[in-house]
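Report on one structure; see the data block that follows.
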Amino acid sequence: MGRSSTVKETQALFQSLRSAYAATPNNLKIIDVYVGFAVLTAVIQVVYMAVVGSFPFNSFLSGVLSCIGTAVLAVCLRIQVNKDNKEFKDVAPERAFADFILCNLVLHLVIMNFMG
Amino acid sequence: MASPESAVNGPTMTAGAASKSLRNAFGGVIAFIILVLIGVLAFSIRLFSVIKYESVIHEFDPYFNYRVTQFLSKNGIYDFWNWFDDRTWYPLGRVIGGTVYPGLTLTAGTIWKVVNSLNIPLSVETVCVFTAPIFSAFASWAAYLLTKEVKGPGAGLTAAALLAMVPSYISRSVAGSYDNEAVAIFALVFTFYLYIKTLNTGSLFYATLNALAYFYMVCSWGGYTFIINLIPMHVLLCIVTGRYSSRLYIAYAPLVVLGTLLASLVPVVGFNAVLTSEHFASFLVFIIIHVVALAYYIKGILSPKMFKVAVTLVVSVGLAVCCAVIAILIAVVASSPTKGWSGRSLTLLDPTYASKYIPIIASVSEHQPPTWPSYFMDINVLAFLVPAGIIACFMPLTDSSSFVILYIVTSVYFSGVMVRLMLVLAPAACILSGIALSEAFNVLTRSIKFQLPGIAGNPSIASEENGSSTVVAPNDIPKTEEAAKEKPAKKNRKKEKENVEKKPTPSKTEKRLLVLPLEASVIAVLLLVLLGAFYVVHCVWAAAEAYSAPSIVLTSHSNDGGLHVFDDFREAYSWLSHNTDVDDKVASWWDYGYQTTAMANRTVLVDNNTWNNTHIATVGTAMSSPEKQAWEIFHSLDVKYVLVVFGGVVGYPSDDINKFLWMVRIGGGVFPHIKEPDYLRDGQYRIDAQATPTMLNCLMYKLSYFRFVETDGKGFDRVRRTEIGKKHFKLTHFEEVFTTHHWMVRIYKLKPQRNRIRGKTKKSKSSRSVSSKRDVRGKRNPWH
């Protein structure tokens, strides 16, 4: 009884999550897909490191941190571009995107230097 | 505080707006002029040592930095990164590229290169000497920017003026003090400014700049771990007190990723950026902020009932996963003996750690806890302005003011552990004092303004509530108490709303009446200005008298007012550089290593980097042993000359005899046949006739007091204030080659091994074999 109600509640929860998420605009969904891809790449790298060993540790670090870095920056972009965020309503989405590009440039410059 | 108010209503809008913009422009120009003057002040107050002595590099550590900068300017940056130095830590050498914080030397090297390419012929030494004052001017401007973000331009200017003069900062950044802190404090304040700016605006551009400023800080000083632990602490504080916002995420998350990467780029830090416990706090809070961000996001898109279900589900599942992860983490960290922390960081967390386990860290005078008077000497008036500033930060409490409060609290704790960290306390104290003074002036000048006849007009009343809230508070307290009591009852909600609405209107009229009396305000303003004057006088005195001594040149005033200069150190180093071979090795205590390598250009055994405890203990053992054993140790290390510093003739208290017990302790920590009680008589350290035989026979005693009785006939040591114990003795294994003018530095040469054994053969051979057998059965001296 308790368990079936929990299961039902969980199902209702996932339903509401899915319906609420489906309501988000398309550009935000694209950013979310990008974030998911970056995190997935990071996970793949960690699994590979666990299998093969971490010898050029700087390469491993730079690879994983570049994936996590782009994921974080994409989340920041999503925060700034989201029209529901009242704090950022006077920031033009072009400005947010330009900041995103700049930060990514710096991140990848450092990655290239560190990869060895 | 001139904040632009666009809410001026009525037909006077255009005229009012025009006059306001003119006033703002005027205020901006004045602020700019004040900032330039503050920069000039910060630069010039640090020039006392150049005026009183000469443009010379001070102390010990700056000589190493100077030598590295010379190498960089001569050989270029690739050779600098790959430099292996064989002139120090003989026979081990030191990898300079991988063990030095390059920020300071690269900065000075860049300045030298730029200035010389503009055909201004400044030498490397001049650039090195004046780097610190220039960067202290920058640090004042950075403090202005930071405090402006927290409170406003008025507080910013006050904080900048205070930081330009605070004695604690002057002591480490005087002209000639070419050390890491000279640029590191600027980098620290600037990084904090960019963090607060990102937090206030939520712009990713400032987040990038923040990461780059943090990179500069990592390049400059080992104290960067303070930043990477303080910022996560602040983020955690904001989350816990319910101030989470998406700006916080933008301020923190990119900094962690970019910052860790940039920190790993610096060779000194390398993989320590991800492997040592000093950085774990940032990763932990990184995970926490992602969890919190996800929770807020889901809360935003779900209905409240569904959110409760989600919470229970996540808590039950997540808790199990969390426990597993934490258990693994604890196992990994606990497997290392120091739990992953470095020795110096452990000393900060547990102040008694160094004295128990690492005598070298405990012996450095900068690592001792400060005394109470040193707080008043170093930050003077700010010591009691800081609590007022803390209170001013609470009204109103914003993200940035909570950061400043956290900064001051942590830096006060750390400054209590090590006197060297008073330097980190200085900017925080200046910021908070600037806020306090600015708020006080706000209240007082507004009181004066309201009571000057015919000036108080209506628009001034509708200005900021901050300063006037202190004045309005006493009458509002009974009203807020009523409102608080009525909150739980639902039917009184309407009444509470009415109460709250009623509050502003009566308080508006009451604000005019609740200002301080005119005479009291005027006197208070004058007293505050007087306080500032006392501060300025103290700072200038501290800069001129206390903190401008280069410590390589000493002065004293003779009875008729003349100045007597003791230039013995440089005399000794130049004797060494002119009268010895380039490859000769010099042994001395580690204090003088940097100076010997930089000025005398000779290879040394140990220097101030103190990275190898065993090597230092070897030198300490040699200094504590009798002549023959010491000769054996030094001969095994290819040493040709031994240098000791002796202050008994002139009364110089920081000489080697006063430091001798540390040599015994450090040597005894590695070689157990050296025992400290052997050198003490009844627990007291003496060098007179009551001293122990071990003390009277050790190398340090003999090298310091050889022929000392010839100076005054009685052998009276002016520092220890007694006559020495053993007055007439000869040296068997060393010969004196140079003693400086005031006997402050004495240089000895190792006598070469005898070619043939003099005296009777059979009897001496048997006696020697008996003595060697005795040594083997005895204390296991490793050199026999």
Side-chain angles (χ1 to χ4, degrees), chain A residues 5-24 39 54 57-58 60-62 64-73 75-80 82 84-88 91 95-111 113-115, chain B residues 198 200-212 215 245-267 270-271 273-275 283 286-287 289-290 293-294 296-303 305-314 316-317:
Chain A
S5 72
T6 332
V7 169
K8 243 190 287 180
E9 276 192 341
T10 331
Q11 279 181 337
L13 169 70
F14 283 123
Q15 281 287 20
S16 63
L17 262 180
R18 195 174 301 160
S19 58
Y21 186 69
T24 59
V39 172
S54 71
F57 192 57
N58 52 335
F60 164 66
L61 258 189
S62 64
V64 170
L65 282 179
S66 83
C67 294
I68 297 186
T70 53
V72 163
L73 291 176
V75 171
C76 294
L77 175 69
R78 185 188 200 280
I79 290 175
Q80 289 185 323
N82 195 353
D84 296 332
N85 260 334
K86 283 172 267 317
E87 291 173 326
F88 292 102
V91 172
R95 164 74 197 266
F97 190 65
D99 285 343
F100 170 72
I101 294 285
L102 172 72
C103 214
N104 262 321
L105 267 178
V106 173
L107 174 71
H108 285 97
L109 192 64
V110 176
I111 296 286
N113 195 6
F114 192 50
M115 200 138 49
Chain B
T198 318
N200 282 344
T201 58
S203 153
L204 207 53
F205 172 65
Y206 281 110
T208 318
L209 288 183
N210 187 17
L212 290 175
F215 174 53
S245 64
S246 42
R247 286 172 292 121
L248 189 70
Y249 180 86
I250 295 181
Y252 183 64
L255 172 69
V256 168
V257 177
L258 261 182
T260 311
L261 267 173
L262 286 167
S264 334
L265 272 185
V266 182
F271 296 146
V274 290
L275 293 178
F283 300 141
F286 186 65
I287 297 177
I289 200 176
H290 275 96
L294 196 63
Y296 271 88
Y297 171 68
I298 294 189
K299 188 170 180 185
I301 61 174
L302 281 185
S303 66
K305 193 169 73 92
M306 282 287 107
F307 183 63
K308 278 206 194 92
V309 170
V311 164
T312 44
L313 181 69
V314 162
S316 53
V317 168

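Only a predicted model underlies this, so the values are computations on that prediction, with no experimental measurement involved. Chain naming here is simple, since letters A, B, ... match the order of the sequence lines and numbering starts at 1 in each.
Here N113(A) contributes atom CG and L261(B) contributes atom CG; the two are 10.5 Å apart, rounded to the nearest 0.5 Å. Remark: L204(B) CG to L102(A) CG distance equals 8.0 Å, nearest 0.5 Å. Taken from CG in N82(A) to OG in S246(B), the straight-line distance is 9.0 Å, to the nearest 0.5 Å. Residue D99(A) holds its CG atom at 4.5 Å from OG of S203(B), rounded to the nearest 0.5 Å.
Residue I79(A) touches chain B through its side chain alone, counting heavy-atom pairs closer than 4.5 Å. In this structure, the portions of F205(B) lying under 4.5 Å from any heavy atom of chain A include both its backbone and its side chain. In this structure, chain A has no heavy atom under 4.5 Å from any part of Y252(B). Contact annotation for F215(B): neither backbone nor side-chain heavy atoms come within less than 4.5 Å of a heavy atom of chain A. Proximity to chain B (any heavy atom under 4.5 Å) is shown, for L77(A), by neither the backbone nor the side chain. Residue L209(B) does not touch chain A at all, counting heavy-atom pairs closer than 4.5 Å.
Applying the 6.0 Å contact sphere to CZ of F286(B) captures more than 12 heavy atoms from other residues, nucleotides or ligands. Heavy-atom contacts from other residues, nucleotides or ligands closer than 6.0 Å to CZ of F97(A) number 12 or fewer.
Looking at heavy atoms from C-beta onward, V75(A) lies out of side-chain contact with Y297(B) at the 4.5 angstrom threshold. The shortest side-chain heavy-atom distance between C103(A) and L258(B) falls under the 4.5 Å cut-off.
Closest approach of H290(B) and V72(A) over heavy atoms only: NE2-CG2, 4.0 Å. The two residues V257(B) and G69(A) have their closest heavy-atom pair at CG1-CA, 3.5 Å.
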